[in-house]
Amino acid sequence: MGRWRDGRGRLTVHGDGGAVADVPLEVAASYRARTRGLLGRDAVDGALLLTPASGIHTFRMRIPIDVAYLTADLTVLAVRTMRPGRLGLPRPGRMVRTARTVRSAVR
């Protein structure tokens, strides 16, 4: 898989039972875009892909977010809801619960 670039696109999410959702996607691949992330936003329209990212936080954020931890080929390992002011790091031993649904798209 090649390198990602900052930009916008569409994300197709395949759920249980063949359900498919098509949501807006924003890619944050540069240091500046990853640093800005969702800070200062009151709402999220679709999904934000941070790449590379070894962990995320919700410090100084106004809204809770759903975080999907992904493999390199974009397979969902787990989904966690994070309230503002939290630190989220992937924990390989705890990534056994695979996401069954993505609530109102991955934020």
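Because the structure is predicted, anything quoted here is derived from the model rather than measured. Numbering starts at 1 and runs along the sequence shown.
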- request: Determine the minimum heavy-atom distance between A29 and W4, stating which atoms define it.
  value: CB-O, 3.5 Å

field: Over all atoms of both residues, closest heavy-atom pair of L48 and A28
entry: CD1-CB, 4.0 Å

- prompt: Would T75 and L70 satisfy side chain to side chain contact (heavy atoms under 4.5 Å, CB included), going step by step from the backbone distance to the final call?
  reply: CA-CA 5 Å; T75 300; L70 309 174; over 6 Å; no

- request: List for me each residue that meets ring-ring contact (aromatic ring centres under 6.0 Å, His included) alongside Y31, sequence neighbours excluded, and say none if there are none.
  value: none

- prompt: Y69 and V79: side chain to side chain contact (heavy atoms under 4.5 Å, CB included), yes or no, with the steps?
  reply: CA-CA 6 Å; Y69 293 98; V79 176; over 6 Å; no

task: Report yes if some heavy atom in the side chain of P52 is under 4.5 Å from a heavy atom in the side chain of R34; otherwise report no.
output: yes

query: Should we say atom CZ of R83 is surrounded by more than 12 heavy atoms from elsewhere, each under 6.0 Å from it?
result: no

query: Between the side chain of T81 and the main-chain N/O of D66, is any donor-acceptor distance below 3.5 Å?
result: no

query: Any sub-3.5 Å donor-acceptor pair from T58's side-chain atoms to M61's backbone N or O?
result: no

- request: List in chain and number order the residues that pass salt bridge (charged side-chain N to carboxylate O under 4.0 Å, His left out) with R41, two or more places apart in sequence or in another chain; answer none if no residue qualifies.
  value: E26

- prompt: Is there a side-chain contact between L25 and L49 (heavy atoms, below 4.5 Å)?
  reply: yes

message: Set out, in order, the CA-CA distance, both residues' side-chain angles and the distance that settles side chain to side chain contact (heavy atoms under 4.5 Å, CB included) for I56 and M82, then state yes or no.
response: CA-CA 10 Å; I56 59 114; M82 291 180 59; 3.2 Å; yes

query: What closest approach, in Å, do H14 and V20 show between heavy atoms, and which atom pair accounts for it?
result: ND1-CG2, 3.6 Å

Shortest non-hydrogen separation from D42 to R62 and the atoms involved: OD1-NH1, 2.8 Å

Nearest atoms (heavy-atom pairs only) where V76 meets A68: CG1-CB, 4.5 Å

message: Looking at D22, I want to see if its CG is surrounded by more than 12 non-hydrogen atoms of other residues, nucleotides or ligands under 6.0 Å.
response: yes

message: Distance check, rounded to the nearest 0.5 Å: L50 atom CG versus R36 atom CZ?
response: 13.0 Å

